[in-house]
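Below, chain A is the first sequence line, B the second, and so on; all start at residue 1. Because the structure is predicted, anything quoted here is derived from the model rather than measured.
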Amino acid sequence: MTPVTNSIKSLFPIFSNHPALVYLDNAATSQKPKSVIQSVIDYYEKENANVHRGLYKLSSSATTRYEEVRNKVAKLIGASDPNSISFTKGTTESINVVAHGFLKKLLMAGDSVVISGMEHHANLIPWQQVCKEKKALLRIIPVDGDGNLDLSTLDSLLTTNTRLLAITHISNVLGTINPIEEIISCAHKKNIPVLIDAAQSAGHYPIDIKNLDADFLVFSAHKMFGPLGAGVLFSLEKYRNQIEPLNYGGGAIKNVEFDHTEFLEYPHNLEAGTPNISGVIGLGEAIDFIQSLDMKSSILYTNELMIYFKEKLNSLPFVKPFGNPVKSGSIVSFQVKNVHPHDVAGFLGNVNIAVRAGHHCAQPLLESLGVPSTVRVSFAIYNTKEDVDRTISALIDLKKFWS
Amino acid sequence: MTPVTNSIKSLFPIFSNHPALVYLDNAATSQKPKSVIQSVIDYYEKENANVHRGLYKLSSSATTRYEEVRNKVAKLIGASDPNSISFTKGTTESINVVAHGFLKKLLMAGDSVVISGMEHHANLIPWQQVCKEKKALLRIIPVDGDGNLDLSTLDSLLTTNTRLLAITHISNVLGTINPIEEIISCAHKKNIPVLIDAAQSAGHYPIDIKNLDADFLVFSAHKMFGPLGAGVLFSLEKYRNQIEPLNYGGGAIKNVEFDHTEFLEYPHNLEAGTPNISGVIGLGEAIDFIQSLDMKSSILYTNELMIYFKEKLNSLPFVKPFGNPVKSGSIVSFQVKNVHPHDVAGFLGNVNIAVRAGHHCAQPLLESLGVPSTVRVSFAIYNTKEDVDRTISALIDLKKFWS
Amino acid sequence: MSADLKKLYSSVIKAHNETPYHFEKPTTTLTIIKAYNPICGDRFDLYITSPITDYRLPLTLHFHGFGCAISKASTSVLIKSIEGKSLNDAMEIVDHFLRFINKELRDKELILPDEFLAFSGVHDFPERLECATLAWKEMKKYLESKNE
Amino acid sequence: MSADLKKLYSSVIKAHNETPYHFEKPTTTLTIIKAYNPICGDRFDLYITSPITDYRLPLTLHFHGFGCAISKASTSVLIKSIEGKSLNDAMEIVDHFLRFINKELRDKELILPDEFLAFSGVHDFPERLECATLAWKEMKKYLESKNE
Ligand SMILES: Cc1ncc(COP(=O)(O)O)c(C=O)c1O
Ligand SMILES: Cc1ncc(COP(=O)(O)O)c(C=O)c1O
């Protein structure tokens with residue numbers, strides 16, 4: 001395994017402050033490198049001012065830096081136009097903008113929206129609620145026992161009445177990497193726009209919008225080494241003037257009279273109110289950090305960890321793993337027989353191993369797995385083989401304790 | 001003038017990094033004290049984890065600290081129940097939640113919403129757009145030449161068809177402090193709920209929800225020494241189960257199935273998605289900072305600055321001030337005759353004096369003042385008499401330069 | 001493995017978790033008290049099968065559902081502690097337990113049954129407070145509604 | 001007061017700001033080109049009063065509106081520079097000015113009329129770029145549409 005990791009770990013202050021911490025809850029939120037934290041500090045200590053074109057240096061440089069991050073984000077996902085990028089507070093908001101601001105207008109009674117059986121609540125409830133309001137159908141691509149999408153159903157699920165397909169790139173529960181190119185091309189043959197939930201993949205896996213041809217793509221800064229409260233909505237040009245904002249207010253307008261408002265164009269029309277400037281600047285810094293790494297080796301590395309962990313896990317007779325997808329990111333779900341997932345997570349937490357137990361905001365998927373909750377371990381580049389070993393040995397201790 | 005200010009100034013790192021900076025754009029955003037910045041750093045360096053009840057120490061303490069800020073906010077505004085406080089990304093979002101999630105359902109064709117002629121776009125466009133959709137009327141309390149509300153019109157504006165009155169506590173352009181107690185009691189006599197836009201007052205002026213009896217109250221952390229990307233919606237108990245979220249997603253639900261979702265109760269139902277945890281914790285720290293000051297002396301102090309500035313300004317024959325409200329916060333708008341406001345702000349910016357020029361997101365008010373833009377100076381506790389003197393002398397230089 | 005954790009999962013709790021008291025769905029029920037924590041997914045149903053007469057709970061209560069060891073054991077102890085009790089006594093027991101968990105008891109009130117004391121480990125794990133009190137809080141609401 | 005600022009508000013700019021060229025609303029107009037920056041509120045209308053014949057702009061153009069000294073002066077210089085010019089020449093002038101402001105000119109192209117050079121101060125004030133180019137960018141769009 002590449003030894004680069006120890007030096008990477010030293011870039012994340014949380015591990016100097018908690019040397020014993022084994023952080024395996026990366027799918028929930030990643031830790032932040034010093035450079036990202038420093039960019040937020042610098043912003044507040046040296047540059048803090050509101051944007052929207054103030055005529056003093058602080059404000060104009062805040063504006064410039066905020067806008068520059070659109071470039072960085074566009075480059076990260078291979079989009080040619082920085083104005084394809086709208087800043088939101090996170091994946092959840094990005095999806096809601098598309099659901100309420102775009103889809104709702106198009107959706108008629110009897111139409112349908114297609115999602116998969118492994119979606120995060122954020123990529124389910126917004127569509128469900130809009131469908132309910134419009135008397136449209138929410139149709140589900142089923143998930144098989146291994147945690148793969150059953151794509152044989154896709155052709156029949158996508159009909160002339162389907163108005164949108166929304167699907168996650170990587171499952172936050174089972175780690176499944178979905179064949180989104182294939183799915184998108186299938187949908188596009190029927191002229192159905194596709195939203196990709198890249199919350200688990202952006203910044204960690206290569207995304208090239210031009211090849212991918214996704215119509216919308218959404219993600220959060222905080223899961224890719226960036227700050228909380230900042231996210232991204234990418235939209236293809238052809239939809240941009242069809243997306244209405246969730247929020248109306250200052251900074252998003254051309255002209256306001258009491259009886260009439262003219263709005264700015266996408267992406268600015270969606271960014272009413274004082275934006276999370278420090279969050280967006282930190283996102284830019286996170287992208288710089290990501291680009292300082294070699295993404296391919298990072299993936300190989302976290303994959304190796306994941307496989308190493310899975311092998312060790314499979315050797316423990318008291319462990320029941322969930323899912324065995326064809327292609328998998330570095331996320332693993334399991335249960336310890338006869339010990340409730342919360343007791344597992346609590347036990348591991350007590351020896352400084354941070355894992356998550358619960359439904360991982362994917363209740364319908366868990367329902368189909370036949371359990372109310374699992375223990376989830378998710379890796380990032382700062383994790384090590386030692387983290388795996390410590391987790392496995394803690395699981396063995398746990399079992400002893402409980403029998 | 002109280003000499004406390006120099007020691008206060010030293011608590012704000014931006015002034016050590018820019019010793020010559022005269023920051024008079026406080027109505028746009030305030031600077032942040034070290035303690036607030038430190039709380040954000042500490043969060044990322046020592047405590048970063050997602051909330052929603054993780055079973056390891058970091059996550060459970062993140063959850064606890066996030067929830068504790070509800071208490072602090074509630075105390076700040078004299079609300080008895082921490083669960084009256086919902087966290088948003090800022091004033092703009094808070095208002096939109098009430099407009100789309102609460103008002104829209106109630107509003108029928110022919111109904112009306114009443115606002116004033118001095119509202120920020122954030123407290124105008126959301127109501128305007130909802131009224132448009134519902135064929136309801138947006139009615140305006142006029143502003144007189146001095147910048148006071150003409151309250152003689154109030155009784156006739158508030159009718160049995162009025163569904164909401166939304167009004168700013170303090171004007172962000174003229175500094176007018178509106179008699180909101182009186183306005184609220186007038187509206188309540190007709191059973192009309194009232195939303196108070198406290199963006200300019202929260203944390204700076206005393207607000208006691210119990211006395212005030214406002215139904216909704218909204219504000220942003222970043223204008224009261226806190227971080228960007230965090231805001232507050234206070235709601236009276238009786239409306240709480242009538243407010244629908246702008247955003248659907250994880251963390252806001254009781255139970256999710258493909259065809260049905262049961263939501264949590266207010267305030268959690270409105271907080272879908274990973275919240276801006278560091279922003280909320282920083283807001284808590286900002287409140288601690290505010291409580292370490294004596295609010296009354298702070299107001300006296302910034303008031304003195306404002307009056308000192310106004311007097312000096314009035315002695316300059318080439319300056320045209322706008323508004324002269326009966327009660328005024330520390331915000332002043334003016335023009336330099338024959339010099340465009342942007343050239344004024346640009347000139348001042350060049351000598352390190354940060355002021356704002358433009359319509360200040362209040363185009364209709366500026367329209368009624370008969371100008372497209374003004375120069376705005378707004379004070380905070382770290383400003384000094386010397387800041388005023390430097391500004392006045394820069395204005396004199398400016399005039400020389402232009403004649 | 002830490003002493004704290006040993007205390008949290010005391011033998012009493014482990015025993016109640018493994019063989020919970022009256023852990024079954026009765027065939028007929030009159031009232032189901034739902035104890036559900038949406039955030040972690042713990043979900044127990046507490047069953048009342050016969051009517052409350054003379055302000056007294058039935059002699060037998062049952063519960064069923066799923067949740068972590070702490071919530072399961074605490075529900076088990078709840079059922080065992082209050083079945084057959086008068087509403088007033090039950091209320092007092094429930095109150096006592098909740099005040100104990102929330103560290104609101106005065107010293108002289110600290111003489112408690114072993115099965116209560118078994119939960120003192122929760123004091124070191126604030127994130128498990130919810131687990132220990134979930135069913136108790138719902139029962140309290142129910143008893144209050146019956147006492148009105 | 002800084003040298004930068006003196007340069008930004010050069011005498012040429014001050015003169016154009018105080019007595020802008022053809023600053024009036026004509027009584028009849030054929031085309032109004034709107035140059036509006038919603039963020040700062042600068043708003044100028046550029047008037048074309050007679051039809052474009054032979055691919056040539058009318059001999060007289062006018063403008064009116066409000067904005068800061070930089071945007072007003074730059075609009076004034078624009079009007080003065082292109083009236084009566086062929087569409088091609090006008091396009092070249094506009095392009096040249098925009099490339100100059102955006103620092104895209106090569107050295108040998110830097111021989112410019114004084115009225116253009118007067119705007120070089122903007123290079124030190126990136127926040128004023130928009131002001132200097134507002135009307136020019138709109139004019140460019142207009143000329144492009146006429147050349148199609
Ligand atoms: C009176 C008033 N209302 C609303 C807002 C909007 O606040 P935010 O931009 O933080 O959403 C502001 C600040 O610009 C304001 O001054
Ligand atoms: C696949 C997926 N989609 C959406 C989300 C929601 O992201 P956020 O909470 O940042 O809005 C998450 C993260 O929890 C996720 O894993």
Side-chain angles (χ1 to χ4, degrees), chain A residues 13-14 17 25 28-29 31-32 37 40-41 44-46 48-50 54-58 89-90 92-93 96 120-122 124-126 128-129 138 140 220 222 227-229 246-250 253 255-258 261 272-274 276-279 342 345-346 349 354 356-357 361 363-364, chain B residues 13-14 17 25 28-29 31-32 37 40-41 44-46 48-50 54-58 89-90 92-93 96 120-122 124-126 128-129 138 140 220 222 227-229 246-250 253 255-258 261 272-274 276-279 342 345-346 349 354 356-357 361 363-364:
Chain A
I14 193 122
N17 288 313
D25 196 16
T29 197
Q31 295 302 335
K32 323 299 172 202
I37 301 171
V40 173
I41 304 174
Y44 283 128
E45 298 201 339
K46 299 186 185 152
N48 179 60
N50 211 321
L55 289 161
Y56 53 93
K57 279 268 150 31
L58 287 184
K89 59 178 175 174
T92 301
E93 187 176 44
N96 278 279
H120 187 280
H121 293 162
L124 187 177
I125 311 178
Q128 178 194 67
Q129 296 296 313
L138 186 65
I140 316 293
S220 302
H222 73 95
L228 292 156
L246 282 186
N247 288 298
Y248 296 103
I253 58 99
N255 191 37
V256 180
E257 293 166 27
F258 281 127
T261 297
T274 304
N276 185 355
I277 311 165
S278 59
H342 296 135
R356 194 148 291 247
C361 293
Q363 282 192 342
Chain B
I14 193 118
N17 288 312
D25 196 15
T29 197
Q31 295 302 337
K32 323 299 171 202
I37 302 171
V40 173
I41 304 173
Y44 283 128
E45 298 202 337
K46 299 186 185 152
N48 177 60
N50 211 321
L55 289 160
Y56 51 94
K57 280 269 151 33
L58 287 184
K89 60 178 176 176
T92 300
E93 186 175 44
N96 278 279
H120 187 280
H121 293 163
L124 189 177
I125 312 178
Q128 178 194 67
Q129 296 296 313
L138 187 66
I140 316 292
S220 303
H222 73 95
L228 292 155
L246 281 186
N247 288 298
Y248 296 104
I253 56 96
N255 190 38
V256 180
E257 294 166 27
F258 283 126
T261 297
T274 304
N276 185 356
I277 310 164
S278 59
H342 296 135
R356 195 147 289 246
C361 293
Q363 281 191 343

Original post:
Taking side chain as C-beta onward, heavy atoms only, is His121(B) less than 4.5 Å from Thr261(A)?
Top reply: no

Does a side-chain heavy-atom distance below 4.5 Å link Leu58(A) with Asp25(B)?
no

Scored by heavy-atom pairs under 4.5 Å with chain B, the best of Asn96(A), Ile41(A), Thr92(A) is Asn96(A)

Correct closest heavy-atom pair for Ile37(B) and Lys32(B) would be CD1-O, 3.7 Å

Comparing Val256(A), Leu124(A), Asn276(A) against chain B, the one with the most heavy-atom pairs below 4.5 Å turns out to be Val256(A)

Most heavy-atom pairs under 4.5 Å with chain B, out of Lys57(A), Gln363(A), His342(A), belong to Gln363(A)

Comparing Val40(B), Asn48(B), Thr29(B) against chain A, the one with the most heavy-atom pairs below 4.5 Å turns out to be Asn48(B)

Of Gly279(A), Gly249(A), Gly349(A), Gly90(A), the largest count of non-hydrogen pairs under 4.5 angstrom with chain B goes to Gly249(A)

Cut-off 4.5 Å, heavy atoms of chain A, and the answer for Gln128(B) is side chain

Sorted by chain and number, sequence neighbours left out, side-chain hydrogen bond (donor to acceptor under 3.5 Å, both in side chains) with Tyr248(B) holds for none

Heavy-atom check, side chain of Lys46(A) versus side chain of Pro13(B), under 4.5 Å: no

Taken in chain and number order and not counting sequence neighbours, the residues that satisfy side chain to side chain contact (heavy atoms under 4.5 Å, CB included) with Ile140(A) are Ile115(A), Leu138(A), Phe258(B)

Ranked by heavy-atom pairs below 4.5 Å to chain B, first place among Gln129(A), His222(A), His120(A) goes to Gln129(A)

